[in-house]
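Heavy atoms only: backbone and side chains are in, while hydrogens, waters and symmetry mates are out.
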Amino acid sequence: MELNSDFKQRAAMHGDSIEWTPSPEPGVSRRMLDRIGDEVARATTIVRFDPGSRFAAHTHGGGEEFIVLEGVFQDEFGDFPAGFYIRNPPGSRHTPASEPGCTILVKLWQFDPDDRSHVRIDTNRMASLPAHDRAGVEIMPLFRDQREDVRIEQWAPGQEIALQPEGGIELFVLAGGFTEGDESFGAQGWLRLPVEAPLHATAGPDGARVWIKSGHLRHARAPAPG
């Protein structure tokens with residue numbers, strides 16, 4: 001399966017308007033944003049766990065990164081309520097589940113193969129810091145290495161945002177919204193711009209809280225066979 005698989009093109013999806021598609025696991029459904037592959041895929045997906053649902057134990061050959069949007073995500077490493085940001089590197093293994101139910105934004109097969117960094121951050125306990133060179137913007141850093149920069153940004157109402165990321169950029173609306181070009185993005189809105197493309201956006205009247213990943217599209221690759 002291929003969905004928004006040309007990383008040289010702008011891609012946009014509005015998650016709250018996409019129908020839920022059942023996954024192979026009972027009680028787990030998905031809203032796909034981009035994908036290359038079938039069940040083993042390079043993918044960006046909104047995943048919903050019904051109460052009491054779970055996945056079988058599995059290993060992440062290409063790594064897994066996610067942020068909990070609603071409810072409580074659970075595995076053998078703990079309970080992670082809404083606001084947690086998790087990175088499970090290539091070779092890591094766990095058994096995802098949720099007794100109360102949850103919704104997450106998850107990215108698969110998008111790690112450096114040599115990355116072995118486990119990250120578990122409760123963003124509810126972190127303070128955002130004013131961006132020193134960008135008025136009306138606060139930043140909460142989540143992860144950064146030579147390949148990518150992952151963060152949450154809070155944009156003031158009506159704030160104009162101009163960024164020139166060298167390695168592409170991806171945005172997912174956690175709260176509020178913004179406009180880019182003639183398109184408006186509300187909660188669960190997702191926008192991906194290719195390498196060298198500038199971002200020009202304007203925060204909505206309630207501002208915007210946006211999960212952002214940049215730099216990573218220089219290294220976009222499909223999952224390894226098998």
Can you tell me how far CD1 of Ile46 sits from OG1 of Thr103, rounded to the nearest 0.5 angstrom?
8.5 Å
Can you name the residues that form a ring pair (Phe, Tyr, Trp, His ring centres under 6.0 Å) with Trp190, not counting sequence neighbours?
none
Approximate separation, where rounding is to 0.5 Å, of Phe77 CZ and Ser92 OG:
7.5 Å
Is the shortest side-chain N to carboxylate O distance from Asp149 to Lys213 below 4.0 Å?
no
Answer yes or no: is there an ion pair linking Arg134 with Glu153, defined by an N-O contact shorter than 4.0 Å?
yes
Residues in side-chain contact (heavy atoms from CB on, under 4.5 Å) with Leu129, at least two apart?
none
Check Glu19 with Arg30, please: is the shortest side-chain N to carboxylate O separation under 4.0 Å?
no
Between the side chains of Arg151 and Ser214, is a donor N or O closer than 3.5 angstrom to an acceptor N or O?
yes
Determine which pairs satisfy salt bridge (Lys or Arg N to Asp or Glu O under 4.0 Å) with at least one residue from residues 193-207, sequence neighbours left out, and list them in order.
none
Tell me every residue that passes side-chain contact (heavy atoms from CB on, under 4.5 Å) with Thr59, counting only those two or more places apart in sequence or in another chain.
Arg93
Under the side chain to side chain contact (heavy atoms under 4.5 Å, CB included) criterion, do Val210 and Leu174 qualify, and how do the steps go?
CA-CA 5 Å; Val210 186; Leu174 301 173; over 6 Å; no
Using a 6.0 Å cut-off, check whether atom CD of Glu166 has over 12 heavy atoms from anything other than its own residue.
no
Between the CD atom in Gln110 and the CG atom in Leu217, the distance rounded to the nearest 0.5 Å is 8.5 Å
Determine, stepwise, if the pair Glu70 / Arg48 fulfils salt bridge (charged side-chain N to carboxylate O under 4.0 Å, His left out).
CA-CA 9 Å; Glu70 299 174 351; Arg48 182 180 66 186; over 6 Å; no
Ion pair Asp115/Arg87, N-O distance below 4.0 Å:
yes
Sequence neighbours excluded, every pair satisfying ring pair (Phe, Tyr, Trp, His ring centres under 6.0 Å) that has a member inside residues 19-48:
none
Determine, for Lys107 against Glu170, whether the closest basic-nitrogen to carboxylate-oxygen distance falls under 4.0 angstrom.
yes
Determine yes or no for a side-chain-to-main-chain donor-acceptor pair under 3.5 angstrom, with Asp38 supplying the side chain and Val40 the backbone.
no
Can you tell me how far the CD1 atom of Ile86 sits from the CD1 atom of Ile67, to the nearest 0.5 Å?
9.5 Å
Rounded to the nearest 0.5 Å, what's the gap from OG on Ser17 to CZ on Arg31? Could you check?
7.5 Å
Got a sec, which residues hit ring pair (Phe, Tyr, Trp, His ring centres under 6.0 Å) with His14, two or more places apart in sequence or on another chain?
Phe185
Any donor-acceptor pair under 3.5 Å from Arg218 side chain to Gly215 backbone:
yes
